Number of protein chains: 2
Amino acid sequence: MKEHKSISIADQIFEQLEHDILIGKYQRGEILTELKLSETLGVSRTPIREAIRRLEQEHIIEETSRGAVVIGISKEDLFDMYEIRMHLEGLAAARTARSITDDGLSKMKEVLDLQRYYVDKTDADNSDNSDNIKNLDSEFHRLLYIFSGSKAYYDTLLPIHKKMIKYRKASMKSHSRARQSLNEHEGIYHALEHHDPELAQKLTIEHATRARDSILEKEI
Amino acid sequence: MKEHKSISIADQIFEQLEHDILIGKYQRGEILTELKLSETLGVSRTPIREAIRRLEQEHIIEETSRGAVVIGISKEDLFDMYEIRMHLEGLAAARTARSITDDGLSKMKEVLDLQRYYVDKTDADNSDNSDNIKNLDSEFHRLLYIFSGSKAYYDTLLPIHKKMIKYRKASMKSHSRARQSLNEHEGIYHALEHHDPELAQKLTIEHATRARDSILEKEI
DNA sequence: ATATGTATTATTGTATACAATTATACCATG
DNA sequence: CATGGTATAATTGTATACAATAATACATAT
């Protein structure tokens with residue numbers, strides 16, 4: 001599914017730290033020191049420093065003389081990020097509807113089918129598939145950005161989407177929202193399939209709006 | 001003017017490389033190897049690697065097994081980035097108009113006055129102040145983003161604005177455009193001063209639109 | 001000639017040693 | 001008790017050595 005080029009330790013650490021910060025395992029204000037991470041993770045400081053530089057560049061940590069301070073994502077950030085998505089993601093979807101290939105469509109379909117599988121499974125046996133559903137949800141959006149064919153939209157939207165993970169995770173715990181989200185994705189997919197930019201745009205904006213409202217009513 | 005915390009060699013190298021890539025000194029496809037940079041810049045590989053990690057995170061270079069390949073910013077990217085700015089920057093300006101303080105206003109005024117100084121100087125003695133003007137132009141936008149009070153808008157818009165440098169630089173070589181741009185900035189500033197979100201938004205969108213058109217007609 | 005295997009080289013990846021800086025604790029002094 | 005200064009410790013910053021990997025060149029066999 002992904003390119004396979006022997007992911008380095010530094011990259012692994014970056015992804016792990018990024019994930020842990022974005023899901024809130026490390027709280028805002030917490031200080032990460034290189035030595036401590038080095039001991040905890042069992043690697044030298046070099047790859048850790050490189051990971052930290054990248055996190056710093058993403059503005060989710062901040063360097064100080066006493067270590068790297070976790071910034072994380074606040075609810076105000078979340079609100080603003082939804083506003084931004086509501087203004088951009090529809091445009092990206094319209095582009096995707098124009099330019100997506102059959103190959104792209106089948107990749108998105110695959111993700112949707114899996115997402116459908118897990119949602120139905122939860123309906124059937126009441127098991128908790130929220131983590132899988134959340135990841136597939138992310139992947140759907142990532143593909144939507146990629147197949148827009150625009151590096152600028154991809155580079156702008158993906159980081160925003162990634163930074164929402166903590167809140168989307170919470171949102172997906174509500175299975176009714178998970179099911180609704182999937183339905184919306186399927187609607188967007190059909191618009192893409194019919195290469196209907198206006199519809200894709202409209203549905204995507206609605207999707208972002210509902211996602212925001214669903215989170216906001218939860219997070220008061 | 002800026003926080004002074006003994007900027008490290010790694011940071012300096014990052015800024016220099018970022019600048020050199022974004023102004024096109026390193027062309028798309030060019031390969032930067034750590035050893036070569038290390039010899040050229042007279043430092044060890046460690047700070048260079050850290051700079052490269054950050055550039056990689058910005059998606060302006062790409063790591064391969066043969067070195068870091070320069071990606072840079074294409075004209076298609078530029079077009080998309082303007083589209084994004086046209087949809088977001090007005091919203092940011094409206095927020096700034098709502099929340100900016102007198103202190104923030106005076107900081108922006110200072111930048112505008114300097115920009116006015118250089119524009120008038122060029123009018124008077126025909127000297128080339130385009131680099132100064134371009135930098136002040138950037139600083140105006142940076143302050144506009146900062147005083148929006150939104151980390152999300154800042155983090156989204158600033159990288160986009162930075163990545164346009166090569167093209168804005170070319171645009172500012174036309175003194176009539178430089179003068180017009182300044183006039184537009186002053187208009188936006190007055191809207192901020194009067195805490196008029198609607199006007200600030202409208203003028204900012206117009207500003208982005210004109211900037212785009214000015215560049216596009218040049219770059220055919 | 002083409003393909004294949006192997007040695008060589010170029011390059012990145014990681015660990016470690018040391019330097020520089022900053023924060024902290026503690027003591028002395030008024 | 002407050003203040004300042006000095007030693008100590010904690011932490012980051014940089015250089016360097018070595019390991020791992022990937023690319024290249026070249027020779028050999030078919």
Side-chain angles (χ1 to χ4, degrees), chain A residues 1-22 25-72, chain B residues 1-22 25-72:
Chain A
M1 205 172 207
K2 278 181 184 168
E3 308 86 43
H4 211 54
K5 53 168 178 174
S6 71
I7 190 164
S8 68
I9 292 178
D11 285 349
Q12 290 175 48
I13 290 177
F14 166 70
E15 287 184 12
Q16 183 184 336
L17 286 179
E18 185 193 40
H19 179 261
D20 288 350
I21 291 170
L22 290 178
K25 179 174 163 187
Y26 297 114
Q27 302 276 331
R28 180 187 187 79
E30 198 163 339
I31 292 180
L32 307 177
T33 65
E34 294 170 10
L35 186 62
K36 210 166 157 190
L37 288 171
S38 163
E39 284 164 353
T40 307
L41 303 175
V43 297
S44 78
R45 281 174 53 215
T46 308
I48 288 177
R49 282 179 68 84
E50 296 186 3
I52 286 179
R53 286 300 161 278
R54 295 176 62 181
L55 298 170
E56 195 181 358
Q57 196 60 29
E58 283 187 331
H59 293 144
I60 65 176
I61 65 171
E62 197 176 34
E63 274 294 311
T64 72
S65 53
R66 284 201 347 263
V69 180
V70 174
I71 297 179
Chain B
M1 201 170 208
K2 278 180 185 169
E3 308 86 43
H4 211 52
K5 53 167 180 177
S6 74
I7 189 164
S8 68
I9 292 178
D11 286 348
Q12 289 175 49
I13 289 177
F14 166 71
E15 287 183 11
Q16 184 184 334
L17 286 178
E18 185 192 42
H19 180 261
D20 288 350
I21 290 170
L22 291 178
K25 178 174 163 185
Y26 297 114
Q27 302 275 332
R28 179 185 187 81
E30 197 163 339
I31 292 180
L32 307 177
T33 66
E34 295 170 10
L35 185 63
K36 212 166 159 190
L37 287 171
S38 163
E39 284 165 352
T40 307
L41 304 175
V43 297
S44 78
R45 280 173 53 216
T46 308
I48 288 177
R49 281 180 69 83
E50 296 186 3
I52 285 179
R53 286 302 162 276
R54 295 176 62 181
L55 297 169
E56 195 180 356
Q57 196 61 28
E58 284 187 329
H59 294 144
I60 65 176
I61 66 170
E62 197 176 33
E63 274 295 311
T64 73
S65 55
R66 283 199 350 264
V69 180
V70 174
I71 299 178

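Quick caveat: nothing in here was measured; it's all calculated off a predicted structure. Residue numbering restarts at 1 for every chain, and letters A, B, ... go by the order of the sequence lines. FYI, side chains are in, hydrogens and waters are out, and symmetry mates aren't considered; it's all heavy atoms of this structure.
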Is any side-chain heavy atom of B:L37 closer than 4.5 Å to one of B:I52? yes
Is the base of D:dA15 touched by the side chain of B:T46 through a donor-acceptor pair closer than 3.5 angstrom? yes
Rounded distance (Å) that lies between atom P of D:dA19 and atom CD1 of A:I9: 15 Å
Does any N or O in the side chain of A:R54 come within less than 3.5 Å of the main-chain N or O of B:R54, such that one atom is a donor and the other an acceptor? no
When you compare the side chain of A:I71 with that of A:R28, does any pair of heavy atoms fall below 4.5 Å? yes
OP1 or OP2 of C:dG13 under 4.0 Å from side-chain N/O of B:R53: yes
What integer distance in Å separates A:I52:CD1 from D:dG13:C1'? 13 Å
Can you measure A:I7 atom CD1 to C:dT14 atom P for me and round it to whole angstrom units? 10 Å
Hey, are A:E39 and A:K36 close enough for a salt bridge, meaning a charged N less than 4.0 Å from a carboxylate O? no
Check the phosphate of C:dA23 against A:S65, side-chain N and O only, distance under 4.0 Å to OP1 or OP2. Yes or no? yes
Rounded to whole Å, please give me the gap between CD in A:E50 and C1' in D:dT12. 15 Å
Residue closer to the 5' end of DNA chain C, A:R66 versus A:S44 (nearest nucleotide): A:S44
Expressed in angstrom and rounded to an integer, what is the separation of A:I48 atom CD1 from C:dG13 atom C1'? 14 Å
Sequence neighbours excluded and cut-off under 3.5 Å, please list the side-chain donor-acceptor pairs for residues 42-49 of chain A, or say none.
residue: A:S44; atom: OG; partner: A:T46; partner atom: N; Å: 3.4
residue: A:R45; atom: NE; partner: A:E34; partner atom: OE1; Å: 2.9
residue: A:R45; atom: NH2; partner: A:E34; partner atom: OE1; Å: 2.9
residue: A:R49; atom: NE; partner: B:E50; partner atom: OE2; Å: 2.6
residue: A:R49; atom: NH1; partner: A:E34; partner atom: OE1; Å: 3.3
residue: A:R49; atom: NH1; partner: A:E34; partner atom: OE2; Å: 2.9
residue: A:R49; atom: NH2; partner: B:E50; partner atom: OE1; Å: 3.3
residue: A:R49; atom: NH2; partner: B:E50; partner atom: OE2; Å: 3.2

Is the phosphate of C:dG13, meaning OP1 or OP2, less than 4.0 Å from a side-chain N or O of B:R49? yes
Out of curiosity, A:I61 CD1 to A:R53 CZ, how far, rounded to the nearest 0.5 Å? 7.5 Å
According to side-chain hydrogen bond (donor to acceptor under 3.5 Å, both in side chains), who are the partners of B:E58, at least two apart in sequence or on a separate chain? A:Q57
Let me know the distance between CZ of B:R45 and P of D:dG13, rounded to the nearest Å. 19 Å
For DNA chain C, what residues of residues 29-37 of chain B have any heavy atom nearer than 4.0 Å? B:L32, B:T33, B:E34
